[in-house]
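Letters A, B, ... mirror the listed sequences (proteins, then strands); counts begin at 1.
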Number of protein chains: 2
Amino acid sequence: MDIENIGFETINLGHGSGGELTRNLLDKIIFKTFSNPFLDQKHDGSIVKIEGEIAISTDSFVITPIFFKGGNIGSLAVHGTVNDVAMCGAIPKYLSLAFIVEEGLKVSEFIKIVQSVKKAADESGVLIITGDTKVVERGKGDKIFINTTGFGAVHAKATISVNNIKEGDKILVNGFIAQHGMAIMSEREGLEFESTIESDSTNLNFLVTDLLDAFGDKIKLFRDPTRGGLGTVLHEIANDINKGIFIKEIYIPLEKQVAAACEMLGLDPMYVANEGVFLVIVDPSIEQEVLALMRNHKKGKNAALIGEFTNEHPNKVVMQSLIGGKRIVSPLVGEQLPRIC
Amino acid sequence: MDIENIGFETINLGHGSGGELTRNLLDKIIFKTFSNPFLDQKHDGSIVKIEGEIAISTDSFVITPIFFKGGNIGSLAVHGTVNDVAMCGAIPKYLSLAFIVEEGLKVSEFIKIVQSVKKAADESGVLIITGDTKVVERGKGDKIFINTTGFGAVHAKATISVNNIKEGDKILVNGFIAQHGMAIMSEREGLEFESTIESDSTNLNFLVTDLLDAFGDKIKLFRDPTRGGLGTVLHEIANDINKGIFIKEIYIPLEKQVAAACEMLGLDPMYVANEGVFLVIVDPSIEQEVLALMRNHKKGKNAALIGEFTNEHPNKVVMQSLIGGKRIVSPLVGEQLPRIC
């Protein structure tokens with residue numbers, strides 16, 4: 001897209017008016033980038049068909065900074081919602097896309113974000129079918145916020161439910177934790193030149209589909225530990241079903257550089273946000289096969305078994321630490337990392 | 001809901017962390033208010049079933065002030081999206097609900113908004129099935145922004161498309177225009193004590209369903225003239241299909257008080273936003289029957305025929321003014337009323 005043909009360098013309130021300026025912005029940037037038979041109707045809504053059960057998930061993205069190592073708010077807004085739909089045991093198909101832009105955002109930045117949305121959507125196999133653009137005055141927003149809502153078809157073999165989990169079920173993770181949060185923190189703390197930590201923001205839907213194809217109802221639950229991190233999500237699951245979780249710290253995949261950054265900033269990686277990480281909870285009989293499948297997939301190369309469910313300490317997550325002692329993993333209480341997604 | 005049992009008076013960054021404070025906010029306010037079998041799963045997404053074709057529409061609401069005569073940002077966020085789904089010729093069923101809250105918002109205000117969402121959703125016959133809550137720092141938002149995405153089942157008799165419109169097709173409107181925009185402007189300009197103008201924000205889905213039940217494919221198009229107003233929307237339709245539109249100003253329902261407020265503030269009611277107004281474009285053979293049905297419905301008491309399609313001046317909307325002259329209705333170019341929805 002040639003910025004010189006756009007005809008304006010910053011986005012102003014008029015672009016949110018619903019009038020000619022809005023149409024201009026949409027025609028020159030949005031419709032041009034995402035053109036598909038649904039969106040090309042240029043109506044206020046779109047009509048689609050999804051057979052069977054439909055999984056729906058929504059998220060607003062307010063991350064700061066909007067550009068970071070490994071992605072930007074645009075790619076994140078696609079991955080976040082695509083993954084939430086996948087975590088329901090579904091195959092993501094369509095996304096809605098709604099922007100709240102702060103007056104004064106550079107058009108060049110907006111285009112970069114829109115193009116990242118497009119690339120991430122293409123790579124994830126989803127279409128942007130409807131959208132909205134609002135503009136708020138300077139000082140009433142923060143560059144750009146994005147909402148995406150995703151729709152997908154529930155996988156025919158999926159029987160995902162927290163209630164299917166039994167004692168002895170295994171907890172697997174697809175790869176290194178805490179990368180997204182630490183990439184963002186490194187940017188904020190001005191460590192970006194020393195650090196090469198990249199956000200792990202990516203789509204997980206194809207690996208989820210492969211797992212469902214192969215193992216069906218032996219898979220009890222998918223869950224992505226985004227805000228609140230691994231510790232908070234494990235705690236939530238344990239509490240939802242009145243069971244205990246036992247994990248070993250030594251099994252949790254954590255890159256050295258990320259561990260070092262966490263230590264330097266005084267953060268516990270168990271509560272740092274992830275964007276390309278998910279937990280799979282499976283029947284113990286398939287543990288090894290699941291691990292093998294995941295490690296063969298590019299989104300699961302560093303997959304690991306981290307723990308299992310137990311009836312011994314209901315509602316509690318107990319972690320055996322690196323040096324052998326045991327500690328209880330509480331949920332995150334306050335705010336470790338604001339505006340991480 | 002008893003504010004004293006909530007335990008906190010303002011919303012802070014921790015409520016957007018994804019940890020215990022978030023869970024607390026959700027449990028005490030959101031899940032309690034909207035409890036239904038979909039939402040009660042407390043998962044990141046929901047699973048629903050909709051037979052046949054599905055209409056989807058998304059909108060972010062950034063209106064200021066957030067409370068106004070005739071509604072607030074919560075009721076507006078339901079009506080706006082319910083109506084957009086209805087305009088697709090569909091029966092709205094489900095909404096997602098995503099908040100971006102500015103740190104410091106009073107919990108009492110948040111509860112008032114959430115309860116308005118609930119009331120408007122109940123009245124519109126839709127369920128809130130999934131949601132998200134983010135919090136941004138003071139000065140990085142403006143109290144609260146809301147995104148809703150709506151899903152509905154396309155009506156079995158609906159064949160809504162701008163391409164079905166023929167010369168001679170009639171344009172009807174369900175009631176008084178410009179009320180929403182002028183209610184908001186009156187608040188902003190400090191005229192609220194002199195003025196009793198209320199926003200017309202309401203759901204239109206039941207009237208739309210009645211029209212489709214009765215007239216099926218004789219109805220060519222529904223369209224709600226929200227941002228940009230009646231003038232902009234008519235211009236868009238004319239341009240989409242390369243036809244002309246001829247309307248008579250005298251037919252356009254406009255309340256005296258609203259007309260006076262427009263004059264005082266120098267605004268053209270043709271470009272003022274509406275929230276409870278929609279256009280129905282119909283085959284000329286059913287014009288009288290459609291009018292009769294609408295006038296019998298509480299959302300269409302002041303329905304009127306305002307004009308028709310013609311091949312005489314393609315792409316142009318021509319209005320015969322009150323005093324008999326003709327003028328071209330151009331689309332809104334800049335920003336007449338920022339943040340009106």
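If you measure heavy-atom distances from B/D240 to chain A, the contacts under 4.5 Å come from the side chain alone. Interface remark: B/T130 contributes backbone and side-chain atoms alike to the contact with chain A (heavy atom separation under 4.5 Å). In this structure, the portions of A/S57 lying under 4.5 Å from any heavy atom of chain B include both its backbone and its side chain. Looking at A/F38, neither its backbone nor its side chain comes within 4.5 Å of chain B, counting heavy atoms on both sides. Contact annotation for B/I100: only side-chain heavy atoms (C-beta onward) come within less than 4.5 Å of a heavy atom of chain A. With a 4.5 Å cut-off on non-hydrogen atoms, B/T133 touches chain A through its backbone but not through its side chain. For a residue to count as touching a neighbouring chain, one of its non-hydrogen atoms must lie under 4.5 Å from one of that chain's; by this rule B/I340 does not touch chain A.
Partners of A/D268 by side chain to side chain donor-acceptor pair (under 3.5 Å), not counting sequence neighbours, listed by chain and number: A/R327.
In summary, B/E137 and A/R339 engage in a salt bridge, as defined by a charged side-chain N under 4.0 Å from a carboxylate O.
Ring pair A/F278/A/F222 is tilted by interplanar angle, where 30° to 60° counts as tilted. Ring pair B/H15/B/F8 is tilted by interplanar angle, where 30° to 60° counts as tilted.
Taking non-hydrogen atoms and a 4.5 Å limit, the residue list of residues 82-91 of chain A in contact with chain B, ordered by number, reads A/D84, A/M87, A/C88.
Chain B forms the most heavy-atom pairs under 4.5 Å with one residue out of A/G228, A/G19, A/G141, and that residue is A/G141. Of the listed residues A/S46, A/G229, A/G139, A/P331, the one with more heavy-atom pairs under 4.5 angstrom with chain B than any other is A/S46.
Taken from CG in A/N242 to CG in A/N315, the straight-line distance is 4.5 Å, to the nearest 0.5 Å.
Between the side chains of B/D59 and B/N147, no donor-acceptor pair of N or O atoms lies under 3.5 Å.
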